[in-house]
Amino acid sequence: MKSPRIYEDLSLIRRRSKFVFTLIKIIFLLLLVYFWKVQVIDHQKYWKKSEANRIRRLPISPQRGLVLDREGNILAKNIASFKVSIIREKCEDLQESCQRISQLLDMDVKKIEKRIEKFKSFQLFRPIVIKDNLSDKEVAVIESRKSDFPEILLQTESKRMYPLETLAAHVLGYLQEISPSELKSEKQKGYEIGDLIGKKGIEKEYEDLLSGEKGMALEVVDSEGRVIRQFNQKQSKNGENIRLTLDLDMQKQMEIILEGREGAGVVLNAKTGEVLAMASYPNFDPNKFITRFTPEQWMELIQDPDFPLENRAIRGLYSPGSLFKPLVAMGALDSNIISDRSSFVCQGTTYIYRHPFSCWYEPGHGRVNLYTGIKNSCNIYFYNVGKNLGIRRIADTARVFGFGSPTEIDLPGEKRGLVPDPEWKQTARGEPWYPGETIPVSIGQGPLLVTPLQVAVYISVIANRGKKVIPHLFLSGSFSEESGPREEKSVLTDIPRDFRHSDFEKVITGMWMAVNEQGTARAAQVKEFDVCGKTGSTQVVSSETERKMEERGKKIETHSWFTGFAPRNDPEVIVAIIIEYGGMGGSTAAPQAKKLFALYKDKYAR
Amino acid sequence: MLDRSHFKTVDWWLVILVFINSIIGVLMIHSSSHYIPGSQAQKQMFWILVGVLFMFLSVSVDYNFFLEYSPFIYVAAVLVLAGILLFGSLTAGTKSWIKLPFFQIQPSELTKVFVVLALAYLFKEFKSHFISLRMSLWSSGLVLIPVFLIALQPDLGTALTYVPLLLGALLLAGLNKKIVVLFIIFGLIAGLLGWNFFLKDYQKDRVRTLIFPQEDPLGAGYHIMQSKIAVGSGGIFGKGYKKGTQSQLRFLPARHTDFIFSVIGEEFGFAGVLTVMVLYFLFISRLFRSLFVSRDRAGVYMVFLVFLMFSCQFLINVLMTVGLFPVAGIPLPFYSYGGSSLITNYIAVGLVINVKMRRFVNV
């Protein structure tokens with residue numbers, strides 16, 4: 001029935017199998033030895049590491065310091081605000097959680113996922129903020145459904161608030177979430193992704209003082225993630241309150257003047273350089289975008305063609321126009337090119353290097369000397385002075401008065417402007433300087449560019465007869481008693497050239513006459529407060545800007561400048577103001593400056 | 001086909017060892033996933049039942065019947081692998097899955113069994129002492145085609161589990177020096193090409209991480225470090241069931257799948273590691289014994305290749321958990337959560353039982 005079994009000879013392949021099995025047995029043994037080493041011999045090392053994993057570090061945020069004006073009015077404070085975070089560790093399914101939370105909070109799920117992606121380096125127990133600035137309604141919704149959402153965390157936090165809204169917005173600046181590039185450079189100071197940091201203005205400049213120091217809480221958890229022990233490893237240290245030199249009344253007056261216009265203005269204490277007011281228009285309300293997220297308002301602001309975020313007082317570059325004339329006069333007097341007795345005749349137009357150059361006053365000013373030249377802002381007079389003085393000496397004098405370099409104010413992002421000279425032209429344009437180009441520079445036109453704050457500093461040199469102020473906003477900090485006196489901002493600084501005192505008096509006389517003897521700046525006259533000043537009306541020459549303005553239906557007016565100081569003999573206050581496309585300096589800027597002088601006189605002058 | 005006398009010859013010890021290993025697996029899956037929804041442990045038990053069913057099917061018919069059809073099955077499997085590459089959808093970055101209404105299957109796992117059968121078929125009449133060039137090329141092609149298709153998914157880990165099958169078959173058939181040299185040259189060229197043209201950056205990172213794990217503790221080396229910490233902190237007796245902080249606090253990646261051995265090491269210490277290694281060793285030894293009762297060459301090949309598949313997969317996975325092998329995504333047989341792998345393993349064990357059961361059957 002059964003046929004005989006014929007087995008093949010399989011011994012060879014069985015032997016070979018055994019050989020392989022032997023190899024595997026050896027590997028098993030070696031592996032056991034290795035596990036003995038890891039688990040028994042090196043046990044302590046790994047045990048410590050696994051214990052360290054059970055310790056959770058949670059940063060404690062300090063209160064940010066307040067910002068006050070010189071009289072103690074609050075400019076920036078902190079208010080309680082609600083934020084909601086997700087804790088990934090408590091999510092059963094992260095994607096599903098995101099979905100559910102997006103419905104709860106009525107948010108785009110992609111936004112939440114993007115947010116989580118950004119913070120993926122965080123340990124799983126760390127909450128990730130997904131929405132802040134919650135409304136009462138949102139808080140109520142979250143609170144009522146708390147038990148359905150174990151993975152979300154509702155917390156209060158202190159949020160920056162600017163109670164006066166747009167007031168001094170450019171000076172104060174604002175906070176935003178730290179950027180990756182800042183994180184790289186600020187990391188040593190304990191910042192981490194998601195922190196808010198000062199991005200502009202005082203908030204940025206004094207970030208170190210205002211932000212304080214973070215604390216650290218430690219939590220030890222068991223294997224189910226329950227907190228067994230909790231303690232503070234390091235107390236947080238609140239930020240320092242900062243008192244600014246700003247005077248709220250002056251600031252408000254300045255903003256009323258600029259309201260609805262485009263321009264900037266600065267009021268300085270002539271002796272100390274304290275900034276009493278600084279404004280730039282158009283402005284913005286920082287409260288609208290102090291959030292971790294980028295709302296629509298923010299996008300509108302950064303895309304606005306009027307650049308409302310730019311602080312024109314330190315970043316707006318303008319031709320100084322006729323404001324430059326006292327400086328040219330100083331340079332010419334110092335070089336003995338003119339005296340107060342030399343004069344030129346103004347017939348409305350003159351030919352220099354065979355080109356016609358005209359005065360703003362078409363009929364001509366007739367015979368003009370230094371005093372009437374400044375008083376009536378005669379172009380012809382200064383064309384001749386400038387031609388004789390030459391571009392190099394004009395440029396040197398401009399630098400002596402602080403143009404072309406930052407004023408060193410304690411605000412970030414200050415522009416240095418431009419003082420043209422032959423070297424500049426050779427490098428920037430690759431062409432030599434033509435003598436004809438000196439002529440417009442003599443009346444503050446041409447490539448010359450200055451900021452309103454530089455103008456104020458320049459006037460401080462004239463007002464103080466050869467000493468310059470360094471403008472600053474920091475008055476005092478709340479901890480300065482403890483930490484010793486802060487770096488004292490020197491009150492008056494020497495300038496790198498010695499002018500004759502009498503030259504200053506001559507120029508000041510011209511500026512006094514401009515205001516008080518029916519000169520171009522007469523609208524700035526304040527009774528019993530010897531204002532000395534100078535107006536300017538600068539042509540907006542750039543053809544590119546011209547086109548842009550015309551597209552927006554604006555008539556191309558000149559920029560309207562005024563700068564001056566008062567009182568004449570013992571200067572206390574300096575004003576510099578520019579109103580873009582405001583027309584003549586004498587009719588637009590000067591009467592506004594008068595309001596500032598008058599206010600200062602009422603409040604401070606003895 | 002299946003009569004009562006066969007039942008008596010079923011290798012019940014092997015079945016029992018498979019069950020013990022599987023049940024420890026379920027317990028560990030529970031420990032490492034009870035806090036996430038989906039009750040993975042219950043699902044795994046369901047897969048074990050399905051696996052038993054498949055094991056029964058693979059035992060019920062004489063393995064020579066499977067061998068007869070193995071060329072066709074093999075071609076069909078390769079076509080499926082090619083098909084999912086062309087038409088499959090991405091799941092977690094790879095095209096490894098076929099989605100069915102209630103679950104998804106991973107053809108690259110099941111194909112392993114078919115490759116074993118095809119290799120046994122290829123060598124069943126091969127009687128010379130050393131392999132011929134022709135046979136070595138045939139067998140290489142047979143294994144490397146699915147390896148290539150799987151590597152393209154890309155699922156390098158699963159592709160890697162096929163390599164021992166090829167090496168095993170060549171070794172058994174008898175390697176001579178010429179062929180070894182040829183293979184080394186071919187391997188070097190393939191390795192160089194692979195590193196420069198086929199490996200994705202994350203895969204290269206894993207290889208680098210193996211060599212320098214401390215370099216990047218939060219990047220690619222993170223998983224290995226956390227796994228080693230888990231194992232090392234377990235000590236001799238472990239932290240206790242469901243008490244492993246590394247696992248429960250989720251520092252350990254892929255806890256209930258690829259890194260389940262680390263959970264064993266953490267919660268039961270060296271004692272647990274030793275126990276599991278002994279149990280698994282008993283299992284592969286039991287598999288190996290069938291090799292000596294096989295009635296024919298094909299049976300020996302089948303048993304040996306299945307034995308080698310289980311041995312290598314286990315060793316690679318364990319080596320991976322302590323950072324001695326790149327994190328390749330290879331499951332621990334019978335322990336890691338996953339239906340496709342479990343069913344494949346049960347079928348493979350079924351084939352070995354089949355060989356032993358039919359040792360007296362006349363051809």
Side-chain angles (χ1 to χ4, degrees), chain A residues 1-21 23-25 27-32 34-54 56 88-93 96 120-121 123-125 220-225, chain B residues 35-38 127 129 168 171-174 218 225-226 228-236 239-240 242-251 265-266 269-270 273-274 277 280-281 284-285 288 291-292 294-297 299-301 303-304 307-308 311-312 315 318-319 322 324 360 362-363:
Chain A
M1 201 169 100
K2 278 187 179 173
S3 56
R5 292 181 188 115
I6 309 152
Y7 291 115
E8 321 173 47
D9 178 15
L10 300 172
S11 59
L12 180 65
I13 56 175
R14 284 182 176 141
R15 265 208 319 278
R16 285 173 177 160
S17 307
K18 273 185 167 174
F19 168 70
V20 173
F21 194 19
L23 282 180
I24 287 172
K25 283 176 192 165
I27 299 176
F28 260 86
L29 270 177
L30 289 176
L31 208 50
L32 268 180
Y34 188 76
F35 270 85
W36 176 266
K37 180 182 178 290
V38 171
Q39 295 194 283
V40 183
I41 299 172
D42 294 343
H43 171 60
Q44 280 301 320
K45 177 176 121 191
Y46 293 112
W47 171 258
K48 276 183 198 144
K49 283 187 180 171
S50 90
E51 285 299 284
N53 276 343
R54 292 172 54 205
R56 303 177 160 184
R88 283 168 300 165
E89 185 187 66
K90 292 190 178 159
C91 292
E92 293 183 339
D93 179 317
E96 197 200 308
K120 66 167 188 262
S121 65
Q123 287 141 302
L124 293 178
F125 61 83
V220 183
V221 296
D222 67 5
S223 65
E224 284 171 44
Chain B
Y35 40 81
I36 59 173
K127 286 178 180 144
H129 285 194
L171 215 76
L172 219 54
L218 272 176
M225 275 316 294
Q226 294 302 335
K228 252 187 128 168
I229 292 171
V231 170
S233 64
I236 296 180
K239 299 174 183 169
K242 292 209 238 178
K243 296 251 162 63
T245 51
Q246 286 290 102
S247 154
Q248 308 293 327
L249 295 177
R250 305 178 201 198
F251 286 100
E266 185 183 24
F270 184 71
V273 166
L274 185 68
M277 278 174 83
Y280 199 86
F281 184 78
I284 57 169
S285 306
F288 195 74
L291 203 138
F292 295 94
S294 163
R295 72 172 186 238
D296 54 17
R297 191 173 292 271
V300 174
Y301 270 90
V303 173
F304 178 71
F307 157 80
L308 200 62
S311 306
C312 290
L315 289 174
V318 172
L319 285 166
V322 285
L324 298 174
F360 304 122
N362 218 334
V363 189

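All chains are named by letter (A, B, ...) in the order of the sequence lines, taking the proteins before the strands, and each is independently numbered beginning at 1. As a basis for the values below, the full set of heavy atoms in this structure was taken, side chains included, without hydrogen atoms, waters or symmetry mates.
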Portion of B:K228 that has a non-hydrogen atom of chain A nearer than 4.5 angstrom:
both
Under a 4.5 Å heavy-atom cut-off, does chain A meet the side chain of B:F270, its backbone, both or neither?
both
Relative to chain A, which segment of B:A173 carries a heavy atom at a distance below 4.5 Å: side chain, backbone, both, or neither?
backbone
Give, as side chain, backbone, both or neither, the part of B:V300 having an atom under 4.5 angstrom from any heavy atom of chain A.
side chain
Between B:S294 and B:Y301, does a side chain to side chain contact (heavy atoms under 4.5 Å, CB included) hold up when you go through it step by step?
CA-CA 9 Å; B:S294 163; B:Y301 270 90; over 6 Å; no
Can you tell me how far apart CD (B:Q246) and CE (B:M225) are? Round to the nearest 0.5 Å.
9.5 Å
Residue A:L10 versus chain B: region with a heavy atom under 4.5 Å:
side chain
State, with a plain yes or no, whether a side-chain heavy atom of A:Y46 is found less than 4.5 Å away from one of B:E266.
no
Atom CG of B:L172 and atom CZ of A:R14: how far apart are they, to the nearest 0.5 Å?
10.5 Å
Greatest number of non-hydrogen atom pairs under 4.5 angstrom with chain A, of B:K239, B:R297, B:H129, falls to B:R297
Out of A:F19, A:F28, A:W47, return the one with the most heavy atom pairs under 4.5 angstrom to chain B.
A:F28
For each of B:I236, B:L319, B:L171, B:I229, tally heavy-atom pairs with chain A at distances under 4.5 Å, and name the one with the top tally.
B:I229
Going by the angle between their ring planes, with limits at 30° and 60°, are B:F288 and B:F307 parallel, tilted or perpendicular?
tilted
Part of A:F125 within contact of chain B (heavy atom distance under 4.5 Å):
neither
Heavy-atom pairs under 4.5 Å with chain B: which of A:L12, A:D42, A:L32 has the most?
A:L32
Region of A:K48 in contact with chain B, defined by heavy-atom distances below 4.5 Å
neither
Sort B:F251 into side chain, backbone, both or neither according to what part of it lies under 4.5 angstrom from a heavy atom of chain A.
side chain
With a 4.5 angstrom heavy-atom cut-off, is it the side chain or the backbone of B:S247 that approaches chain A, or both, or neither?
neither
Go through the steps to decide whether B:I284 and A:F21 satisfy the test side chain to side chain contact (heavy atoms under 4.5 Å, CB included), and finish with yes or no.
CA-CA 9 Å; B:I284 57 169; A:F21 194 19; 4.2 Å; yes
Residue selection (most heavy-atom pairs with chain B, distance under 4.5 Å) from A:I41, A:I13, A:I27, A:V38
A:I13
Restricting to non-hydrogen atoms, name the atom on B:V231 and the atom on A:Q39 that form the minimum distance, rounded to 0.1 Å.
O-NE2, 3.0 Å
Would you call A:R54-A:E51 a salt bridge at under 4.0 Å N-O?
yes
When you compare the side chain of A:I24 with that of B:L315, does any pair of heavy atoms fall below 4.5 Å?
yes
